[in-house]
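Everything on this sheet refers to the single structure shown next.
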Amino acid sequence: MLIHAVLGFSVLETLVLAAVLLAWADRVAGARLLAAFLSGISLWMVGNELPNWLGPETEPVAIRLMATAPFTSALFFHFCTVFCRVDLGRWGVVAAYALGAGATAVSVVLGPGHLIPHRDIGWLAVADPVGMVASMAWVILGIGGVAVLLLALLRARRSGDGQKFRQIAAVTASCLWGLLCLAGYGIAVLDLPIYPFPLLGLPLYSLILVYGILRYGVFVANAWARRALVWALLLALGAVVLALTPLLPFESRWLGGLAVAASVLALNGPVRRVAERLVYPGGEVSIADLGAWRNALLSAETPEALAQQAAMLLSARIGTQVEVQIGAPSASTTPSTSSAPSTPPGSTPQLVCTPGEQGWQSTLQGWDAAPPGPRHVAELFGTVVAEAAARVEQAQQFAARERERQLQARLAELGALAATVAHDIRNPLNIISMAVAAAPGETRREVADQVARIANLTHDLLDFAKPWKLVPRELDLAAHVRNAALRLPEVSLGAGLAQPLVLQADPRRVDQALTNLLENARIAMASDAADPDGAADASAAATHSPVHIDAETTDTAVLLHICDAGPGVPDEIRSRLFEPFASRSPGGTGLGLAIVARIMAAHGGSVALTERPPWSTCFTLRFPLTTTQRLP
């Protein structure tokens with residue numbers, strides 16, 4: 001009978017869709033739970049149809065297969081909580097599984113019902129008191145799952161998450177459709193004088209459920225849906241034409257078949273366009289759409305913000321999740337590049353916007369399954385994103401130039417001030433030094449220390465403020481470090497400095513940076529040695545010497561680590577450590593690290609405070625390597 005063929009097809013379809021979900025389990029939250037739920041639905045349908053396929057003697061097996069319904073409902077409830085991100089706690093999920101598993105175990109042991117003959121369905125399962133109790137369990141779990149879906153639906157609508165709202169709405173709609181289909185069994189059990197036609201729609205239940213979830217997460221699922229819809233519409237049109245052929249003034253099978261074939265061929269194009277608009281809404285792009293996109297992307301000030309905003313706009317337009325990358329690593333990719341890497345089937349389609357010789361250009365990756373409509377939308381949208389990327393790049397360049405201009409202006413003012421101060425302060429310092437010539441030795445030493453401190457501050461201020469240019473040449477960084485380490489006793493060198501580290505840099509400025517860092521380490525160790533507790537900590541941290549220098553080479557840079565076992569950097573100055581006048585030692589000028597940061601920036605590198613146990617303080621200098629210097 002027709003109804004048994006439909007249910008048999010539904011079993012096969014449900015198992016196939018469960019396998020599809022397992023294949024894309026990383027794309028859907030709770031996909032494995034949903035696949036298990038669909039497998040449970042298949043078992044239940046097999047239990048209903050087994051007596052009709054193999055005879056009533058299979059009743060014991062069939063009844064016990066149907067008895068698994070409560071546990072299947074527990075899987076559905078758990079899936080709803082995971083898919084909707086509703087945290088019920090561990091015990092909430094355990095209680096659901098306990099209810100489902102307990103009802104299933106009782107039903108399997110005692111038997112939930114028996115078979116009776118029915119004129120339309122054949123053999124029909126009717127529940128006894130045990131089956132009624134088990135039915136109450138799966139009804140409670142089913143209602144709980146639907147309640148979770150409805151609450152999540154309201155939450156997604158309030159938050160404005162359109163994609164999540166549509167996914168949850170599709171799952172909820174599939175549940176309502178499933179209840180409508182199961183009403184066919186109710187018609188049979190109540191022995192109503194109508195055909196249980198709702199059962200004929202059961203194959204659509206799992207299809208709506210799975211497609212509603214994958215619709216916004218897996219692009220190729222939409223391509224399959226479009227093809228299936230085209231074939232379904234063409235078959236329906238062919239059936240209509242075939243039904244109308246008796247109205248022709250002549251009778252001929254050949255002419256009737258020819259009329260069907262001609263009608264299907266003639267309507268193939270319009271049917272495909274209709275299916276495309278249903279599966280991919282918004283395939284037409286107007287001038288107003290382009291203007292709206294441009295205005296929406298104006299708020300993005302960084303490539304990251306632009307990518308996020310563009311992905312949201314394009315995903316909402318074509319109804320499929322799309323990733324947008326701005327300035328991706330594959331900068332050589334252009335629209336004409338046929339060998340551009342494509343994403344694996346089933347992965348999220350991407351719009352990659354990269355700079356090139358002709359300006360910013362966009363490339364589509366992973367769009368092989370896309371029909372012309374959505375692809376055309378994405379291509380036009382890509383031109384708008386490329387314009388926005390060029391605008392963001394120009395804005396960032398202008399902001400960088402403005403920051404550099406302001407910095408140079410401040411440095412010029414600071415340099416003029418420093419020169420004036422240095423000139424005006426030299427004579428008073430000399431007078432002070434001469435005035436204390438006859439003072440006691442302790443007084444002379446104190447005045448000399450303070451005069452030297454002021455002189456150092458003046459020197460550092462002049463050096464930091466004055467404009468200077470690098471004179472780079474090829475040098476061995478390891479040799480420079482070894483020479484600089486001779487100025488400070490008790491310095492250990494790591495294995496990374498045992499071999500030459502050749503790079504392009506200004507030797508004088510590199511020596512200055514090393515001197516500043518080693519002087520900082522010396523001052524830190526001296527202040528820490530004055531504190532007995534600090535000295536103990538330093539001794540415990542430094543196994544060989546209080547200062548350690550090491551280096552390592554990556555594919556693009558040489559990293560130089562200068563570490564000490566001093567008191568560390570106070571938390572209150574970590575965020576501004578490389579700014580002028582931020583010092584971690586009481587006697588420091590606060591300009592040494594700022595000069596180091598400026599030297600490294602001038603080399604295209606950087607300096608950072610890093611963590612390298614057991615050392616309490618470690619500064620890492622990053623010297624970039626040129627293309628010819630990089631390791632093969």
Side-chain angles (χ1 to χ4, degrees), residues 302-304 325-333 354-357 392-393 396-405 407-408 411 463-464 467-485 493-518 520-521 548-563 574 577-580 591-612 615 617-632:
T302 63
E304 294 76 14
Q325 296 181 9
I326 306 297
S330 55
S332 61
T333 304
T354 55
E357 296 180 358
V392 170
E393 181 186 38
Q396 289 189 320
Q397 290 175 351
F398 176 79
R401 287 194 297 268
E402 180 62 19
R403 287 194 298 269
E404 181 64 22
R405 186 192 66 79
L407 175 62
Q408 293 301 326
L411 289 177
D463 188 53
F464 178 77
W468 43 264
K469 293 183 179 180
L470 294 181
V471 184
R473 65 177 178 84
E474 188 176 276
L475 61 85
D476 182 1
L477 181 62
H480 271 65
V481 171
R482 289 194 294 269
N483 291 334
L493 301 179
L497 295 170
Q499 56 200 19
L501 300 173
V502 181
L503 48 81
Q504 292 288 330
D506 186 326
R508 188 169 70 88
R509 292 299 177 183
V510 170
D511 284 342
Q512 183 181 10
L514 293 174
T515 299
N516 286 356
L517 290 175
L518 291 175
N520 273 0
H548 181 72
I549 308 177
D550 202 355
E552 58 180 307
T553 303
T554 67
D555 292 340
T556 59
V558 173
L559 304 180
L560 184 66
H561 309 290
I562 302 175
C563 308
R574 281 178 175 265
L577 186 59
F578 299 102
E579 296 178 3
L591 288 172
L593 292 178
I595 293 173
V596 173
R598 189 179 176 198
I599 291 172
M600 296 308 301
H603 282 86
S606 61
V607 57
L609 179 66
T610 55
E611 300 290 338
R612 293 178 67 84
W615 309 100
T617 306
C618 188
F619 292 97
T620 298
L621 304 180
R622 180 185 177 276
F623 293 90
L625 293 174
T626 62
T627 304
T628 56
Q629 293 172 322
R630 294 177 185 173
L631 296 177

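In this text, all values refer to a predicted model and were calculated from it rather than measured experimentally. For the single chain, residues carry numbers from 1 onward in sequence order.
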Checklist entry - Between CG of L470 and NE2 of H603, what distance do you get to the nearest 0.5 Å? => result 4.5 Å

Checklist entry - Is there a side-chain contact (heavy atoms from CB on, under 4.5 Å) between N516 and F619 once you walk through the steps? => result CA-CA 11 Å; N516 286 356; F619 292 97; over 6 Å; no

Checklist entry - After noting the C-alpha distance and the side-chain angles of I549 and L514, does the key distance pass the side-chain contact (heavy atoms from CB on, under 4.5 Å) rule? => result CA-CA 10 Å; I549 308 177; L514 293 174; over 6 Å; no

Checklist entry - Roughly how far, to the nearest 0.5 Å, is CG of L559 from OG1 of T553? => result 7.5 Å

Checklist entry - What is the minimum heavy-atom distance between P624 and G604, and which atoms define it? => result CG-O, 3.5 Å

Item to check | Distance in Å, Q512 CD paired with L517 CG, rounded so as to fall on 0.5 Å steps | outcome: 10.5 Å

Checklist entry - What's the spacing between I562 CD1 and L560 CG if we round to 0.5 Å? => result 4.5 Å

Checklist outcome for this item: Only one of T554, T556, V558 passes side-chain contact (heavy atoms from CB on, under 4.5 Å) with R622, and that residue is T556

Checklist outcome for this item: Closest non-hydrogen contact found for L497 with R482 is O-NH1, 2.8 Å

Next on the checklist: Walk me through whether L503 and L475 qualify under side-chain contact (heavy atoms from CB on, under 4.5 Å).
Outcome noted: CA-CA 6 Å; L503 48 81; L475 61 85; 4.0 Å; yes

Next on the checklist: Any side-chain to backbone donor/acceptor pair from D550 onto G496? Under 3.5 Å, distance only.
Outcome noted: yes

Checklist outcome for this item: In this structure, CD of Q504 is separated from CZ of R473 (nearest 0.5 Å) by 9.5 Å

Checklist outcome for this item: Heavy-atom nearest pair, A505 first then P507, reads O-CD, 3.3 Å

Checklist entry - Is there a donor-acceptor pair closer than 3.5 Å between any side-chain N or O of D506 and the backbone N or O of V471? => result yes

Next on the checklist: For the CD atom on Q397, are there more than 12 heavy atoms of other groups (residues, nucleotides or ligands in this structure) within a distance under 6.0 Å?
Outcome noted: yes

Item to check | Nearest heavy-atom neighbours spanning L493 and H548 | outcome: C-CE1, 4.0 Å

Checklist entry - Run the side-chain contact (heavy atoms from CB on, under 4.5 Å) check on M600 and F623 step by step: do they pass? => result CA-CA 7 Å; M600 296 308 301; F623 293 90; 3.7 Å; yes

Item to check | Nearest atoms (heavy-atom pairs only) where P303 meets Q396 | outcome: CD-NE2, 3.4 Å

Checklist entry - What are the two closest non-hydrogen atoms of A478 and Q499, and how far apart are they? => result CB-O, 3.4 Å

